[in-house]
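Working notes, structure below.
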Amino acid sequence: MSERVRPVVRVGLLGCGVVGGGVVEALARNRDRIVETSGAALEVRRIAVRDLRKARNLYVDRDLLCDDWAAVCADPAIDVVVEAMGGLHPARDAIVQAIDCGKSVVTANKQLLALYGPELEQRAAARGVSLYYEASVLGGIPAVHTLQTYFAANRVRRLRGIVNGTCNFVLTRMEEAGVTLHEALAEAQRLGYAEADPSQDIDGDDALYKLQILTRALAGQGLDLAAIPKQGIRSITLADVQKATSAGRRWKHVVEVSFDDKGRPVSASVGPVALTADDPLYRVGGVQNALAIEGDLVGEVTLMGPGAGALATASAIVEDLVKWLTRLTSLPSHHLAPTPRVLVCSP
Ligand code: NAP
Ligand code: HSE
């Protein structure tokens, strides 16, 4: 298989909910900027959904909708696939099929990446295509890119962060508005922050998956997920939150992993912690996420930004698409000719 450059890059989108709709909007709103920096226009040409009658983001051209993800993956008129369906099935089959058809894939699917990431990456490498997944962790924050491409001289001792926007939003609303966990969760769902099954958020699974992806991005090897103590925020009550506030503390859902001198992950945890005001994670509020990276040379570097939501997540997906495109053309993005080109995958 070889990939060649032509005038427009044709994107096949799987899923058009919060994230997929955001991708369509982001590509439309920043079309000129993307052409300017990558030298190509990224155009969504087909969109697979489950229910053709549902309301969609206003930027979505309903003529592009179909209810057959396999047809989108196999379509020779699609150059690259964005997976925004979520869950394991049929997302895993869809990504496998896209890769086998010689298409690079960009995904926001943390569950799939945490459980099957290495297998999918090997499959993509064997087929000569790429798999990108920045959007699967910490929303719009470029955490995977940073962990994969920086910290080669530092020995990173620890990663510690707030990686679930829904949990952080819920805990912040409980503290600031005095609402119950269930009321705050309903609000997070309305805003598009929560997983399709929100127990993934409030029981800590989503954070555990993200910790696995972050650990692999830094160390090249993952954790034994079954051995990690994992707790969510489901049992935290309004009274717990108020008690913490009067003691000068704040409940936060925190993930943590430590590394040995060789950079291997040695211990990890996922769960709520009542932080004191001097903790750098104490002031991370609402849907914000943060990742503190402790290097032996640099000290502590903290990345912070929006951890969930349509455009923040779409931003990470579109940055991955541009990264893929500019790597493919082997030119630094800002030095590409402004002439629109298109990329095609030939089997
Ligand atoms: P969502 O709003 O529930 O959207 C899922 C989309 O996938 C829907 O459009 C749905 O179609 C479609 N879909 C599901 N099964 C399908 C099938 N078998 N065939 C075709 N289409 C199918 O979910 P989301 O919030 O956008 O999340 C999508 C992914 O992004 C998940 O992996 C999630 O973890 C990840 N993510 C989400 C956020 C966020 O802030 N929401 C942030 C980062 C990452 P219908 O619309 O017709 O039902
Ligand atoms: N449900 C996830 C969260 C979406 O709230 O963090 C972003 O990955």
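Read the numbers this way: they start at 1 and go in the same order the structure lists the ligands and their atoms.
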What protein heavy atom sits nearest [atom], and how far away is it?
atom                    : answer
atom 39 (C) of ligand 1 : G192 O, 3.6 Å
atom 12 (C) of ligand 1 : G15 CA, 3.7 Å
atom 5 (O) of ligand 2  : T166 OG1, 2.6 Å
atom 45 (P) of ligand 1 : K54 NZ, 3.4 Å
atom 43 (C) of ligand 1 : T313 CG2, 3.3 Å
atom 23 (O) of ligand 1 : V18 N, 4.6 Å
atom 46 (O) of ligand 1 : R56 NH1, 2.7 Å
atom 32 (O) of ligand 1 : G86 CA, 3.1 Å
atom 3 (O) of ligand 1  : A196 CB, 4.4 Å

Return the option from [options] holding the heavy atom at the smallest distance from [atom].
atom                    : options                : answer
atom 40 (O) of ligand 1 : G309, A316, G165, G140 : G309
atom 1 (N) of ligand 2  : D201, L138, N164       : D201
atom 8 (O) of ligand 2  : E195, K110, Q200, H253 : K110
atom 5 (C) of ligand 1  : M85, Q189, R53, K110   : M85
atom 4 (O) of ligand 1  : G87, C16, P90, G17     : G17

If hydrophobic clusters are built from ILVMFWY residues whose side chains come within less than 4.5 Å, do V273 and L291 share one?
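No, no single cluster joins them.
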Hydrophobic cluster membership, with links at side-chain heavy-atom distances under 4.5 Å among I/L/V/M/F/W/Y: are V284 and V137 in one?
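No, no single cluster joins them.
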Examine R92 relative to Y116 and say whether NZ or CZ is less than 6.0 Å from the centre of the six-membered ring and inside a 45° cone about the ring axis.
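So R92 does make the cation-pi contact.
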Which is it for V19 and ligand 1 at heavy atoms under 4.0 Å: side chain, backbone, both or neither?
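Answer for V19: both.
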Does ligand 1 have a heavy atom under 4.0 Å from the side chain of A84, from its backbone, from both, or from neither?
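Backbone only.
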Which of the numbered atoms in ligand 2 are below 4.0 angstrom from a heavy atom of G165?
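Going through ligand 2 atom by atom, the ones under 4.0 Å from G165 are 3 (C), 5 (O), 6 (O).
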Just jot down the ligand 2 atoms closer than 4.0 angstrom to any heavy atom of K210, in number order.
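Taking each heavy atom of K210 in turn, ligand 2 has 2 (C), 3 (C), 6 (O), 7 (C), 8 (O) under 4.0 Å.
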Purely on distance, is any nitrogen or oxygen of Y193 under 3.5 Å from one on ligand 2?
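Min N/O separation from ligand 2 is below 3.5 Å for Y193.
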Distance flag for atom 34 (O) of ligand 1, protein heavy atom under 4.0 Å
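Flag for atom 34 (O) of ligand 1 set to true, protein heavy atom closer than 4.0 Å.
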If you count heavy atoms of other groups shown closer than 6.0 angstrom to [atom1] of [X], is the number above 12?
X    : atom1 : answer
R158 : CZ    : yes
E319 : CD    : no
L297 : CG    : yes

Taking only heavy atoms of E195 into account, list the atoms of ligand 1 that are under 4.0 Å away from them.
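So the atoms of ligand 1 that pass are 33 (C), 34 (O).
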What atoms in ligand 1 come closer than 4.0 Å to a heavy atom of A308?
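Every atom of ligand 1 under 4.0 Å from some heavy atom of A308: 40 (O).
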A194 and ligand 2 - part of the residue with a heavy-atom distance under 4.0 Å:
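It is the backbone that touches ligand 2; the side chain stays farther off.
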Using a plain distance cutoff, I'd like to know if D206 has any nitrogen or oxygen under 3.5 Å from a nitrogen or oxygen of ligand 1.
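For ligand 1, there is no N or O atom that lies under 3.5 Å from one belonging to D206.
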Does any N or O of ligand 1 fall below 3.5 Å from an N or O anywhere on W69, backbone included?
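No; the residue has no nitrogen or oxygen that sits under 3.5 Å from a nitrogen or oxygen of the ligand.
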With a 4.5 Å heavy-atom cut-off, do E43 and L27 have their side chains touching?
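No, every pair of side-chain atoms sits at 4.5 Å or beyond.
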Indicate yes or no: does K323 engage E134 in a salt bridge with an N to O separation below 4.0 Å.
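A salt bridge is absent here (no side-chain N lies under 4.0 Å from a carboxylate O).
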With V170, which of N164, T180, L181 fulfils side chain to side chain contact (heavy atoms under 4.5 Å, CB included)?
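Only one of N164, T180, L181 forms a side chain to side chain contact (heavy atoms under 4.5 Å, CB included) with V170, namely L181.
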Could you go through the salt bridge (charged side-chain N to carboxylate O under 4.0 Å, His left out) check for R127 and D100 one step at a time?
CA-CA 7 Å; R127 194 65 177 82; D100 290 352; 5.5 Å; no
